[in-house]
Amino acid sequence: DLALAAQVRAGLAADREIGWTALQITAHEGTVAVGGAVRTDDQRGRILEAARRVPGVREVKEDLGVLPPISWG
């Protein structure tokens, strides 16, 4: 389980389109849970797809929230 979670984390870190994210990743018997905050819905979808592509992942459960845009004015 720890190795699978580490593989998912490494796959996400290697994807330049995902960029910085604060994610919690756990795995149990092929089911990977991904939680945390993302900047856009596109980033959310890309994270989930990247997690599904990791060998050994049978299912991805997600608890990802999209952060509101930052207003500087």
| pair T31-K61: side-chain heavy atoms closer than 4.5 Å | yes
| task | Return the minimal non-hydrogen interatomic distance between G30 and L4, and the atom names on each side. | result | CA-CD2, 3.9 Å
| remark: Correct closest heavy-atom pair for A5 and A27 would be N-CB, 3.9 Å
| Which distance, rounded to the nearest 0.5 Å, do you find between the CZ of R9 and the CG of L2? | 9.5 Å
| Are any non-hydrogen side-chain atoms of T40 and L67 less than 4.5 angstrom apart? | no
| Is any side-chain heavy atom of L12 closer than 4.5 Å to a side-chain heavy atom of I25? | yes
| query | In Å, rounded to the nearest 0.5 Å, how long is the span from CZ of R52 to CD1 of I47? | reply | 11.5 Å
| request: Drop me the distance from E62's CD to L48's CG, to the nearest 0.5 angstrom. | output: 5.0 Å
| query | Do R58 and E29 sit within salt-bridge range, that is, some charged N less than 4.0 Å from a carboxylate O? | reply | no
| note | Taken in chain and number order and not counting sequence neighbours, the residues that satisfy side-chain hydrogen bond (donor to acceptor under 3.5 Å, both in side chains) with Q24 are none
| note | For A37 and L23, the nearest pair of non-hydrogen atoms, with its separation, is O-CD2, 4.5 Å
| With no hydrogens and no angle check, is any side-chain donor or acceptor of Q43 less than 3.5 Å from a backbone partner on R39? | yes
